[in-house]
Amino acid sequence: GSFSSQGKHMKSSCSLVAFNTDQAGGMVGLSSVNAASDGKWIVTQISCHADLVTDLDFSPFDDYLLATCSADETVKLWRVCDLDQDQPSNAEVTLSAADGRLEIVLFHPAASGLLAVASARGVQVWDVTRDTALTGKHTPSVFIPITITALNTRSCLQLLYFKCSLKPYSDANLHLCLQMRQQEVRLWDSRKLSSSLSSLSLATSNARCFSGFLFMFHEADLSLSLSVSHCLTDVSTRGVALVPKLALDVSCCEVLRLMQLSDNFIVPISYQVPRKDFHADLYPDTVGHTPAVTAEDWWKGENKQVERVSLHPSKRPKPAAPSAQETKPKDLPRDKSKEVCGRNTRRNVYFTEMMVLQCLSVFFSGGLNLQQSPQHPQQQCCPSSKFRHIQGAVLHRDTHITNLRGLHLTTPGECDGFCANGQRVAVPLAIAGGQIAVFELSQPGKLPDTALPTIQNSVNVADFCWDPFDTHKLVVAGDDAKIRVWQIPKGGLTETLTEPERVLRGHTEKIYSIKFHPHASGLLASSSYDLTVRLWNLETGEEVKRLSGHQDQIFGMAWSPDGKLLATVCKDGKVRLYDPRKSTLPIQEGPGPEGQRGARVVWVCDGKYLLVSGFDSRSERQLYLFSAESLASGSVASAPADVSPSTLIPFYDPDTSVLILTGKGDTRVYIYEIVPEAPYFMECSSFHSSEPHKGLCFLPKAECDVRDVEVARAIRLGKTTIEPVAFRVPRVKVRKEFFQDDVFPETAVWWEASLTAAAWLSGSNGQHRKISLRPNDMTPVSEAPKEAPVRKYLPSSVYLEEKTDEQKKEELLSAMVAKLGNREDPLPQESYEGVDEDEWVSKELTPQTHTPDDS
């Protein structure tokens, strides 16, 4: 969702957690603080506003009273219910601030029914029982004994002490490192804001630092100091909420609990002191649920503190009733709520006596999954991909093509940048005339410094691709609205080609992209600036179909796996589906990515879903999943990537359901397993390269080394090199001798055509034959004998058993002898033959004489 606001994106009461969601408009999600007895949470949503919900807050005196403010300039109070009941469709109170976009809403900590609302123009104070604000920054009023701290647009800390003039009581300039985004915490004395008492630099980040969770400890000399404890999390943080003290589990000495909001999860983070049972020194009395004054009394000038209550289990106050009007629990509609599985465990962070001892980073695998699942509201918890540890590795330098010069780095966004098949790779060059170099993958090594033979197109190249059924045929689309068909000779280019085999004419403006049909030979689709998609028969060179209906630039297109349908994604924010043999207009269309930088589309999950990689309204890269049966209903799931100007180019392996994406100029390759039910996106390990690449192009599955459990083989284009990259699934070495048939099912021979273009146009459909990738000398792992489990270590009783000194000496001696060899084995010299005793003595006593000849 959109988190471009200054307010909190998450807030917790003792019973419920409210948070911003990914849904369009003013949707707010609700969940419980604690899991149910079965270890599951229920997550539901409320449509609160007509525009973005910028902030929200629970009443400190009512766990079920929620206030929200929005960019629609209204504040609403909601009487929410337990999650097994229907949530209200209308707000109890609606306040029209009419002060521009509202950014912050805050309940008064002592008075009931009193709200402070902040916008870019100022601050207003509301009594929820009245129709107008008690006071505002632009409306003079009587003395109000309350202070509100605000950060105005001039980076100035203002302490608003409401009087008749309503001017800032005092202010102080904040020294923020705006260029480097240095996150900083400062300590101020509210009585003197001319300078801060202390400051602490945290980190450099583009993200906003969530305030409100700063812990200060009083030292012996009564001076104040700032202490920081780092709890490293495994996911990025969208918001943080502090759970009230009354909701803590004091039996395990939990002194603090945070709720972390990420893209897909709500993560409880628990801070605990390593003790047992309740300790009064850790739990001073805390504020209760009873307001100290009414809004009317506070307005008249009365000040009181909220009565404090004990956290001792036997002295705790009973929780308040969830609602004034009780409703019977009933099943929630699927479109309003969802049940999500998770383990009732927390992320624990331990304290010593009020000082941080350690911070454990053990992320529980469950959590509250926020992905939508309208068709399957109840799922098995915490699914994990068997490809989650997939590893990418650049193959040995002997397989590289190096010394590549003059590479064209500014190909259009709709072009993949280069293309490859199992035998050769085509690379555009930054040479006049739209020249393309072709290199044989079977001839790696250093390229000569002299000029290379190329394909000359005479115009700038817009897109190009290999014929999937003919490794020698390269099709090139140019800026002159023509499509040229080139035939590469056997053995590769030996001289420059200037005359194409065929030229296709028909488009009136330059072409965006071209795509071959997955089954029919010689059938090509092309999209153009004339806002049409045309189908061509390469055998005859004729245009056979013309599809219309696009209102703007066509970013990408993709044929369905069975070859019946064609999907497109357009700059006008629409995803369209065509059945070219039945209609020239789209048979379906629905909302696509909001961003207009670019997009790609690919079919996944046996053609049941369309995956679109594009940009959201904030120009952040996003992945969207659409049901091919109902595009109009919008995306069923989405996954954020990162911020980058280049579009993520997807590759999908139908055998493993693995999606691999990267962009031009990226150094990271994203990998997901796509499943047809929640959570839809299962993220796997990423592959990182040492320097930016032009892109990746994947080879046929037959090129993979199945003995090394290689599930995909790609060609990586660098600035001066062409490198093969292998994506492998790590397996135990003992089992790698078997064929891993669980990750290598029979694969379709998509590099062979199943019918002709004429047959497809007449209504026929083809299907690729399938083959097994198993070598003849390998046994499938599913048929491997089961190995008996072997204990790696001796039982603990062996190590804990008391031994005498003699036993220890014997064990040490036995271990030393075992390293030297068996003591029973004879020594080598024992096998030598000796001499008799008398012979040995006689030889020793016989004098030696030398003659001159002996010297």
Side-chain angles (χ1 to χ4, degrees), residues 234 362-366 380-400 422 441 604-606 650-662 668-677 679-690 696-716 723-750 770-793:
D234 299 330
V362 182
F363 182 74
F364 72 96
S365 57
Q380 296 295 326
C381 66
C382 317
S384 60
S385 171
K386 58 186 174 184
F387 303 101
R388 59 187 178 276
H389 299 304
I390 191 171
Q391 298 173 352
V394 177
L395 298 187
H396 193 271
R397 187 175 177 82
D398 291 344
T399 61
H400 299 184
L441 294 177
V604 298
C605 300
D606 297 324
F651 164 77
Y652 178 74
D653 179 16
D655 296 342
T656 59
S657 297
V658 169
L659 176 73
I660 304 177
L661 310 100
T662 192
R668 179 179 179 182
V669 178
Y670 295 88
I671 305 176
Y672 295 87
E673 182 181 1
I674 309 298
V675 293
E677 55 190 16
Y680 297 105
F681 295 92
M682 292 197 290
E683 188 171 3
C684 305
S685 300
S686 299
F687 166 68
H688 295 266
S689 57
S690 57
L696 291 179
C697 189
F698 285 82
L699 304 181
K701 203 62 174 288
E703 301 296 326
C704 296
D705 183 5
V706 298
R707 297 180 184 273
D708 207 16
V709 201
E710 182 183 333
V711 296
R713 172 78 62 92
I715 299 297
R716 175 183 177 271
E723 306 166 348
V725 180
F727 294 88
R728 304 183 180 98
V729 177
R731 290 292 171 96
V732 180
K733 185 178 293 186
V734 177
R735 310 299 287 180
K736 283 179 68 173
E737 63 186 36
F738 298 98
F739 176 70
Q740 310 294 316
D741 52 351
D742 59 326
V743 297
F744 292 112
E746 288 191 340
T747 187
V749 187
W750 56 262
K770 292 190 174 183
I771 59 172
S772 173
L773 297 176
R774 180 174 68 90
N776 295 329
D777 58 345
M778 294 187 74
T779 303
V781 71
S782 58
E783 301 176 7
K786 301 294 183 182
E787 295 183 354
V790 179
R791 181 186 290 273
K792 293 184 178 180
Y793 305 101

Going through the checks in order, is the side-chain contact (heavy atoms from CB on, under 4.5 Å) test met by Ser657 and Tyr652?
CA-CA 7 Å; Ser657 297; Tyr652 178 74; 3.3 Å; yes
Give a yes or no on whether Lys770 atom NZ has more than 12 heavy-atom contacts from other residues, nucleotides or ligands under 6.0 Å away.
no
Run Ile715 and Leu441 through side-chain contact (heavy atoms from CB on, under 4.5 Å) and show every step you take.
CA-CA 10 Å; Ile715 299 297; Leu441 294 177; 4.1 Å; yes
Side chains of Ile671 and Phe387, heavy atoms from C-beta outward: is any pair under 4.5 Å?
no
By side chain to side chain donor-acceptor pair (under 3.5 Å), His396 pairs with (sequence neighbours left out) Asp398
For Phe727 and Ala714, work out which heavy atoms get closest and say how close.
CE1-CB, 4.1 Å
Sequence neighbours left out, what passes salt bridge (Lys or Arg N to Asp or Glu O under 4.0 Å) with Glu710? Give chain and number order.
Arg713
Apply side-chain contact (heavy atoms from CB on, under 4.5 Å) to residues Tyr670 and Thr662 and explain how you reach the verdict.
CA-CA 6 Å; Tyr670 295 88; Thr662 192; over 6 Å; no
If you look at every heavy atom in Cys684 and Ser385, which pair is closest and at what distance?
SG-OG, 3.7 Å
Do other residues, nucleotides or ligands put more than 12 heavy atoms under 6.0 Å from the CG atom of Asp606?
no
Output the distance between atom CZ (Arg731) and atom NE2 (His389), rounded to the nearest 0.5 Å.
11.0 Å
Contacts of type side-chain contact (heavy atoms from CB on, under 4.5 Å), residue Pro650, not counting sequence neighbours:
Arg600, Val602, Ser613, Leu659, Leu661
Any side-chain heavy atom of His400 within less than 4.5 Å of one from Val394?
yes
When rounded to the nearest 0.5 angstrom, what is the spacing between CD in Glu723 and CZ in Arg716?
5.0 Å
Partners of Ser782 by side-chain contact (heavy atoms from CB on, under 4.5 Å), sequence neighbours excluded?
Asp741, Pro780
For Leu773 and Phe744, the nearest pair of non-hydrogen atoms, with its separation, is CD1-CD2, 4.1 Å
Checking Glu673 now: which residues fulfil salt bridge (Lys or Arg N to Asp or Glu O under 4.0 Å) with it, not counting sequence neighbours?
none
Donor-acceptor list for residues 698-707 side chains, cut-off 3.5 Å, not counting sequence neighbours:
residue, atom, partner, partner atom, Å
Lys701, NZ, Asp653, OD2, 3.0
Lys701, NZ, Asp655, OD2, 3.2
Asp705, OD1, Arg707, N, 3.3
Arg707, NH2, Asp777, OD1, 2.7
Arg707, NH2, Asp777, OD2, 3.1

Are Phe687 and Ile660 close enough that some pair of their side-chain heavy atoms sits under 4.5 Å apart?
no
Do Leu696 and Val669 touch side chain to side chain, with heavy atoms closer than 4.5 Å?
yes
Interatomic spacing from CE in Met778 to CZ in Phe738 - rounded to 0.5 Å
9.0 Å
Arg388 CZ: over 12 foreign heavy atoms closer than 6.0 Å
yes
